[in-house]
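Since the structure is predicted, the reported quantities are computational estimates derived from the model, not experimental observations.
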Amino acid sequence: MKNNLFKSVSLTLVLSTLASCSESWLDPEPLSFYEPNITFSTVEGLEGALTRCRSDMLYYFLGSNGTAVSTELIFSDVAVSAISDLSGSQNFTSDITPTSNNLFIGTNLSNAFWTSGVSGSSFANAVISRLPELDLDETTKNQMLSRAYFHRAWRYYHLTFQFGDIPFVSKEITTPKLDFRSVKMEVIIEKMIKDLEFAVENIPERDDWGKENKGTCLMLLTKYYLAAGEFEKALNAANTLINNCGYELMEEPFGTFENPFPDVRPMTRNVLWDLHRPVNKSISANKESIMTIISRYENQDSRVPTMFLYNFTPFWSMTDVNRGILTPSKKNIGIGRQAGTAEFMAQYPDYIDQRAVCGRGECFIRPTYFAEKSMWTDENDLRHDRKTGNWMAMEDLKYNNVNLLGTDDEKYYLKPLQKYADDGTLLCKDTIRCWYGYPYYKLWVDDVDRDVANGYKGVDYQGGPGDTYLYRLAEAYLLRAEAYYWLNDYAKAAEDVNRIRKRAHCTTFFSAADMNGLDGMDIIMDERARELMYEEFRHVELVRVSYIKANKEGTYQSPKSLADESSNSYWWHRIVKYNNYYNKGITTLHGDEYKIAKHNIFWPITQGNIDPNLYGRINQNYGYAGYEKNEPPISSLEELEASGQ
């Protein structure tokens, strides 16, 4: 793995032409879609391209300072933007346009998703196109081709369900091409299924951590089969993955037990805590891990900090008296980020440095009421358990400001936070950004680079690098439950959902009767929200189900049919039913109202990707400026092949 990473670094000057990076590959330029021109002529070059595909996944997940996955979450039922003092990330009905330029909407849609997705597929296409030129045995060629097929299919899975009908590029482009056309979603899905079927038969069953394998291909193929309405095939693929590939759900604690703050926040060892420790994600003892994305401190050239503790946890240290957390006597000195230096601790030995315990906390996004509270219907659920330490509530923090000492409020020092004073006064006005619970076991990642002596200034407990799951077996059970649901086998669907719940120590379970009808799909998606919180690309999965449901009902004609005002897509159903912010009259302290529209199910193609395509037409999505210029998309594999894309 390390050798491959070094090869990737040595190829940077060559590969950067394809990625068209201005300063580094982490800041790609949209025109890279049209002007890749690198020739790959050696096995090392193609292996470097595949390594680049893997490293590019880090940016896809974490993007602009860890916020890429945030964008996926706030277009769903489980989260909203929490930057309550910044306009432009709450009202999606007006703020999302083809020329939007803010963190969540402009930067991430253009760079983290569109450009990074297209860049990854471009590297895969280079491998696909150049392999026939190399003198390799068929087994090696087929394995490399399978890896490239997986990476291309993984990118297009997300791009298709984020942007709808998009251009599909099937081969390496070595000269400028300005006549791309959009391709129907169903055509891309059909093509990706063919590729992944080949990959499943030819890729190694297991490989080094961080490398694609048969399990990753089966997981993605299952999703594509579901999208295509091939439910029996989806069931068979999921069965193979679950039963025949050597994976198992982890049931007991394993690996390295980390108990980072035993004196102030002791962790009770449990399987879920161990399962989500970065140090345990890529070890042989972990039978649940199918593929991980590698990011570690020791890999100097590839590590990317998660920044989970910065982006996803409450802004508990806000000191503004009009927004932050006050003491029960309504003073604003109750909690803060005071220095935890040796000299400071010698003076205040009982002081709790809550930056270390729960992160700096700036809160870019926050969970909805559903994700924080109402979906947790079983009090024994280990995933929402404060007793073990898996779940962090605001009341688990303490008034820690040493300025309380020697004042009338000294009695509150190191006592649990209170949301309300004794007279009922709210002690935190900005509860959107400063007060909510979250899955500590998912988000706490040690930030050892916080020490200036280690060479990183200002990291300040934001969440360091750590291996990330791309796929693990728990999701395969939930995909199989979905296949059973679409096949009307509600008992089997309930059994798979309950399998995940049993591992989480739940004591309430679902029956076949519960799974019957629309509520059955809600049960499955609820369980995905619980099990895959901060792991899955939530918006993508909701759009995929919307696409399946519309096709089954015969209402799907084009992306517009899921996005127009007459639609009632499954994505929209979840927004209306479970997101307590959008279109409910909720405003931030800044006065911005949370709004979302039906057409926001798909994101706009950024204008910077449409305009350079002078001799073809990349269609815009319904509801956004430019839609009226659309032309008929490519509608079959035969037409796609004839187009030369």
* Does the pair Glu482/Arg528 count as a salt bridge with the N-to-O cut at 4.0 Å? -> no

* Return yes if a side-chain donor-acceptor contact under 3.5 Å exists between Ser146 and Asn202, otherwise no. => no

* Asked: Does the ring center of Tyr484 lie less than 6.0 Å from the ring center of Phe231?
  -> no

* Asked: Between Thr292 and Asp467, is any side-chain donor less than 3.5 angstrom from a side-chain acceptor?
  -> no

* **Partner set under salt bridge (charged side-chain N to carboxylate O under 4.0 Å, His left out) for Asp489, not counting sequence neighbours** => none

* To do: Look only at the side chain of Trp444 and the backbone of Gly463, and say whether a donor-acceptor pair between them is shorter than 3.5 Å.
  => no

* Once you round to the nearest 0.5 Å, how far does CD of Glu248 lie from CG of Leu473? -> 9.0 Å

* Asked: Is it true that Arg574 and Glu541 make a salt bridge, defined as a side-chain N closer than 4.0 Å to a carboxylate O?
  -> no

* Asked: Roughly how far, to the nearest 0.5 Å, is the CG atom of Leu382 from the CG atom of Leu272?
  -> 4.5 Å

* Please determine if Arg206 forms a cation-pi arrangement with Tyr247, meaning its NZ or CZ atom is less than 6.0 Å from the six-membered ring centre and no more than 45° off the ring axis. => yes

* May I ask you to decide whether Glu527 forms a salt bridge with Arg383, counting only side-chain N to carboxylate O separations under 4.0 Å? => yes

* Would you say the side chains of His151 and Arg147 form a donor-acceptor pair under 3.5 Å? -> no

* From CA spacing to verdict: side-chain hydrogen bond (donor to acceptor under 3.5 Å, both in side chains), Asn142, Thr139 -> CA-CA 5 Å; Asn142 288 342; Thr139 298; over 6 Å; no

* Asked: Taking 4.0 angstrom as the limit, do Glu44 and Arg130 come out as a salt bridge?
  -> no

* Run the ring-centre check on Tyr149 versus Phe198 and record whether the distance is less than 6.0 Å. => yes

* To the nearest 0.5 Å, tell me how far Glu190 CD sits from Leu640 CG. => 10.0 Å

* Asked: Quick one: CZ on Arg472 to CG on Leu532, what's the gap to the nearest 0.5 Å?
  -> 5.5 Å

* To do: Give a yes/no verdict on a cation-pi contact between Arg265 and Tyr440, requiring under 6.0 Å between NZ or CZ and the six-membered ring centre and an angle within 45° of the axis.
  => yes

* Answer with yes or no whether the side chains of Glu212 and Tyr471 bring together a donor and an acceptor at under 3.5 Å. => no

* **side chain to side chain donor-acceptor pair (under 3.5 Å) partners of Asp496, counting only residues at least two apart** => Arg480

* Asked: Should Glu641 and Lys191 count as an ion pair when the cut-off is N to O under 4.0 Å?
  -> no

* To do: Flag the pair Trp376 / Trp391 as yes when their ring centroid distance falls below 6.0 Å, and as no otherwise.
  => yes

* Would Phe537 and Tyr60 count as a close aromatic pair, with their ring centres under 6.0 Å? -> yes

* Rounded distance (nearest 0.5 Å) linking atom NZ of Lys549 with atom CH2 of Trp486 -> 7.5 Å

